Colleague: 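Pasting a structure below so you can have a look.
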Amino acid sequence: MKSILSDLRLKYAERNWHETFKLVRRCMDKSRDVSKPCELLGRSLERLQEVLNVSSMNAMRSRLEMIARQQGMGFHITESTCYLTADLFYLEVVLLPCGGVEEVKVAPHGGSPVPSESLLQLLRSKNFADFSVKLERLVAQYNIPGDNDVKLKLFASLQHLGKDLQEISHLTKTPEDSDPEMNMINNRMIGCLIPGKEDCPLNIHFYTIPIEEMKTSVSHISGVEPVLQTAQVTVGPSNATHMLQTASVIPQPSQLDLQGFPVLMPLSEGPYETFPACFLLKLQPPIPMMLPFVKKLSQITDVTIPDVDLQWAPLPKLLLRGSQSASSHMETLDEQDTIYTVPLHGDVTHSYIFPGASWEVPAQRATVMDSIPFTHPAHVPPLLELLRHQCATNTLLRSCMCTSPGSACDLHFEILPESDTSFSVTFHRPNADSLAVLLVNISDSHQINCSLFGAGIGDSSVDEYVSSVLKRCMSVPVTLHALYSKLEQITSSPLSPSCRAATEAENEHSTPSITTVTNANTTLSQSAAVPEDSFTVSDSACYAMSVAKSELLSEINTSPAVNPYPFTPAVVFPHWMTNNGHLSKLI
């Protein structure tokens, strides 16, 4: 065998790639079993074609044939034109004698070929890798389930849906804003709709954030990247049958309801037909969604999302998977708590702690959604609004995970869930031996309100200021940096006589001894009634802060499993602030 291989090497040592390529092709053509081609020869042929310089028409044909077969498409040649064919479309590539490409056209089923500039430029630059990726997306776009008859009907139904969504997009008005593009994406009922073409499906841009403003406030964070959430409108198979449109469901002339939304034909009146399929919003990138939001998706569309296909995990863990920089530089405490360090301008560094015991409760479960099924164009606006709501929550939490390695932390914050639409941030107040809690409530993507709680804090203008900053930048670190500076200004300003008296009264009982704290805990745990001005601290705390009951928020979730510090007339210190915690490791 060694001598045979040696003789073969000597025989073909001086032959060029073209002759070797022809030899492999001849060996493949002589395969004894056509149904089981030699995989080794196939891989060899692909490797040869990847290194082969495409400088002739035959070389370009061979490369296009290989790409077509990789995508499961047919391949045909007529003179100087190559056809890459699928069930519902085909690609027409006109070649030049030198191996160049003159024109590339895409033809949907029953339609005329339309030039594709993007595919043409990829082939002219001989960027076959990106061309293959583009062709794979095109195959997925036209990959409609069912036999030929069902495929054609679903393809026509999808086209009617796209036209209706375009008309809805034109009919609905967009509130004016300082940034028209961002306003159209975030506020329009259909978002920013990109009409579908023969070589590109219909896309909807429905959520983005002011990344430039965020970059000016956050320094050296590799995780800060442009956020543009899109949805590709397509059709896919379903285990159940659904009524899908077979024509436009917008009556002519079009009418608007009281909310400014076009009136659409209901399922009982419009042109519909039953199919074993449904429309899909394919999310790019996929979105981690909490359980209540997933249930609301089904309530909007009346299409069941099979729970067996969903994998559940705490929301921060799912958000972390999308951030390589955060996962590579994060720290852990007690094998559950996770710490992220975020550098800001002015040589300030924050650390953010996500206590595992609070985020791993069932109420905070989430799953990654990559597609949303629906059956009617009227479902799209409420679906997009719900997705924006979850995206706003994810954006705020993910802003605390933009991690930079090797940074010494100046300020420490603890992030705790309060409900599926709110979370709180606990931190040490500047120039005071007490804590403050910032409650962030996300009613929807347009209504984000902040409330600050703590001893001696009762200025509503601070809440308005913090809320405006957060909505403008959509970054928790940037907002807390601004809030901390604001509190420093307030505490450093001269106090009025009334404020001075209130501060002195607060300081009289703000730092009890450890013995007093332990006794207070024992008394409170054994008593059914809690005094109006009493307080509670954890058993391991070395100091406490006093907060009046009137200054605390009653709406915050008081479940011990979710919130380690119940907002009753008591404040329990976060674990990392206590004696048995790990604050010493962070300083």
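Residues: numbered from 1 along the sequence shown. Bear in mind that the values here come from a model prediction, so they are computed numbers and not experimental data.
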Colleague: Which pair of non-hydrogen atoms, one from Ala231 and one from Leu283, has the smallest distance, and what is that distance?
Modeller: CB-CD2, 4.1 Å
Colleague: Are Ile67 and Phe75 close enough that some pair of their side-chain heavy atoms sits under 4.5 Å apart?
Modeller: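 A side-chain contact is absent here, since even the closest heavy-atom pair is not under 4.5 Å.
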Colleague: Where do Thr393 and Thr421 land on the side-chain contact (heavy atoms from CB on, under 4.5 Å) test, with the steps shown first?
Modeller: CA-CA 7 Å; Thr393 302; Thr421 60; 5.9 Å; no
Colleague: Examine distances only and state if a side-chain atom of Arg388 and a backbone atom of Phe206 form a donor-acceptor pair shorter than 3.5 Å.
Modeller: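 Such a contact is found between Arg388 side chain and Phe206 backbone.
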Colleague: Just by distance, no angles: are the side chains of Gln390 and Gln229 close enough, under 3.5 Å, to form a donor-acceptor pair?
Modeller: no
Colleague: Report yes if the side chains of Met369 and Leu310 come closer than 4.5 Å at any heavy-atom pair, otherwise no.
Modeller: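 Yes - at least one pair of side-chain heavy atoms lies under 4.5 Å apart.
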Colleague: When you compare the side chain of Pro477 with that of Tyr352, does any pair of heavy atoms fall below 4.5 Å?
Modeller: yes
Colleague: At what distance, to the nearest 0.5 angstrom, does CG of Leu202 lie from CG of Leu165?
Modeller: 6.5 Å
Colleague: For the backbone of Thr304 and the side chain of Ser298, can you confirm whether one donor and one acceptor N or O come within less than 3.5 Å of each other?
Modeller: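 Not at all, since once roles are kept as given, no pair shorter than 3.5 Å links the two residues.
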Colleague: With a 4.5 Å limit on heavy-atom distance, are the side chains of Phe354 and Pro314 in contact?
Modeller: no
Colleague: Does CD belonging to Gln252 count more than 12 external heavy atoms closer than 6.0 Å?
Modeller: yes
Colleague: Give every residue pair that meets the side chain to side chain donor-acceptor pair (under 3.5 Å) criterion with at least one member in residues 127-143, sequence neighbours excluded.
Modeller: Asn127-Asp130
Colleague: Check Ile77, Leu123, Leu135 against Leu64 for a side chain to side chain contact (heavy atoms under 4.5 Å, CB included) and give me the one that passes.
Modeller: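 Going through Ile77, Leu123, Leu135 one by one, the side chain to side chain contact (heavy atoms under 4.5 Å, CB included) with Leu64 is satisfied by Leu123 alone.
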Colleague: Using a distance-only test with no angle check, is there a side-chain donor-acceptor pair under 3.5 angstrom linking Glu117 and Gln121?
Modeller: yes
Colleague: Looking at every non-hydrogen atom in both residues, tell me the closest pair between His205 and Thr230 and how far apart they are.
Modeller: CD2-CG2, 3.1 Å
Colleague: Which residues pass the salt bridge (Lys or Arg N to Asp or Glu O under 4.0 Å) test with Arg61, sequence neighbours left out?
Modeller: none
Colleague: Return the CZ to CD distance between Arg124 and Glu102, rounded to the nearest 0.5 Å.
Modeller: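 The distance works out to 8.0 Å.
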Colleague: Evaluate the side-chain contact (heavy atoms from CB on, under 4.5 Å) criterion for residues Asn394 and Leu315: first the C-alpha distance (whole Å), next the side-chain angles of each, then the deciding distance (0.1 Å), finally the verdict.
Modeller: CA-CA 8 Å; Asn394 294 353; Leu315 180 59; 3.8 Å; yes
Colleague: Would you please name every residue forming a side chain to side chain contact (heavy atoms under 4.5 Å, CB included) with Ser238, sequence neighbours left out?
Modeller: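 Ser238 satisfies side chain to side chain contact (heavy atoms under 4.5 Å, CB included) with Ala240, His242, Cys278 once adjacent residues are dropped.
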Colleague: What is the minimum heavy-atom distance between Tyr207 and Ile185, and which atoms define it?
Modeller: N-CG2, 3.2 Å
Colleague: Show me the donor-acceptor pairs within less than 3.5 Å that the side chains of residues 244-251 make with the rest of the protein, sequence neighbours left out.
Modeller:
residue : atom : partner : partner atom : Å
Gln245  : NE2  : Asp164  : OD2          : 2.9
Gln245  : NE2  : Ala247  : O            : 3.0
Thr246  : OG1  : Pro271  : O            : 3.1
Ser248  : OG   : Asp164  : OD1          : 2.7
Ser248  : OG   : Ile250  : N            : 3.3

Colleague: Taking atom CD of Glu273 as the centre, does the number of heavy atoms from other residues, nucleotides or ligands within less than 6.0 Å exceed 12?
Modeller: yes
Colleague: Is there a donor-acceptor contact under 3.5 Å from the side chain of Ser445 to the main chain of Ala392?
Modeller: no
Colleague: Kindly give the heavy-atom pair with the smallest separation between Arg188 and Ser169, and that separation in Å.
Modeller: NH2-O, 2.7 Å
Colleague: Rounded to the nearest 0.5 Å, what separation is found between the CE atom of Met184 and the CG atom of Leu193?
Modeller: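 Here the interatomic distance stands at 10.5 Å.
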Colleague: For the CG atom on Asn148, are there more than 12 heavy atoms of other groups (residues, nucleotides or ligands in this structure) within a distance under 6.0 Å?
Modeller: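 Not buried by this count: 12 neighbours or fewer within 6.0 Å.
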Colleague: At their closest point, which heavy atom of Val263 faces which heavy atom of Asp257, and how far apart are they?
Modeller: CG2-N, 4.0 Å
Colleague: Mind listing the side-chain donor-acceptor pairs of residues 79-98 below 3.5 Å, one per line with the distance, residues two or more places apart or on another chain?
Modeller:
residue : atom : partner : partner atom : Å
Asp87   : OD2  : Lys151  : NZ           : 2.7

Colleague: Tell me if the aromatic rings of Phe293 and His389 count as close, with their centers under 6.0 Å from one another.
Modeller: yes
Colleague: To the closest 0.5 Å, what do you measure between CD (Gln364) and CH2 (Trp359)?
Modeller: 5.5 Å
Colleague: Would the number of heavy atoms belonging to other residues, nucleotides or ligands and lying under 6.0 Å from NE2 of His109 be above 12?
Modeller: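 Count not over threshold, so no.
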Colleague: Please report the closest heavy-atom contact between Pro343 and Thr341, naming both atoms and the distance.
Modeller: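 Closest pair (atom of Pro343, atom of Thr341, distance): CD-O, 3.9 Å.
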Colleague: Could you tell me whether the side chain of Pro382 reaches within less than 4.5 Å of the side chain of Lys296, counting heavy atoms only?
Modeller: no
Colleague: Would the number of heavy atoms belonging to other residues, nucleotides or ligands and lying under 6.0 Å from NZ of Lys163 be above 12?
Modeller: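 Atom NZ in Lys163 is not packed in, count stays at 12 or less.
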Colleague: Which is it for Tyr272 and Thr375 under the side-chain contact (heavy atoms from CB on, under 4.5 Å) test, yes or no, and what are the steps along the way?
Modeller: CA-CA 10 Å; Tyr272 300 97; Thr375 59; over 6 Å; no
Colleague: So, Asp370 side chain and Val368 main chain: donor-acceptor pair closer than 3.5 Å or not?
Modeller: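 No; judged by distance alone, with no hydrogens or angles, the pair does not exist.
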Colleague: Return the set of residues passing salt bridge (Lys or Arg N to Asp or Glu O under 4.0 Å) with Asp149 (not counting sequence neighbours), or none when no residue passes.
Modeller: Lys153
Colleague: For the pair Arg69 and Glu65, find out whether any cationic side-chain nitrogen is under 4.0 Å from an anionic carboxylate oxygen.
Modeller: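 Between Glu65 and Arg69 there is a salt bridge, with a charged N closer than 4.0 Å to a carboxylate O.
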Colleague: Indicate yes or no: at least one non-hydrogen side-chain atom of Tyr340 is less than 4.5 angstrom from one of Ile415.
Modeller: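 No, every pair of side-chain atoms sits at 4.5 Å or beyond.
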Colleague: Side chains of Val235 and Ser157, heavy atoms from C-beta outward: is any pair under 4.5 Å?
Modeller: no
Colleague: Looking at side-chain heavy atoms only, is the closest gap between Lys105 and Val114 below 4.5 Å?
Modeller: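 No, their side chains stay 4.5 Å or more apart.
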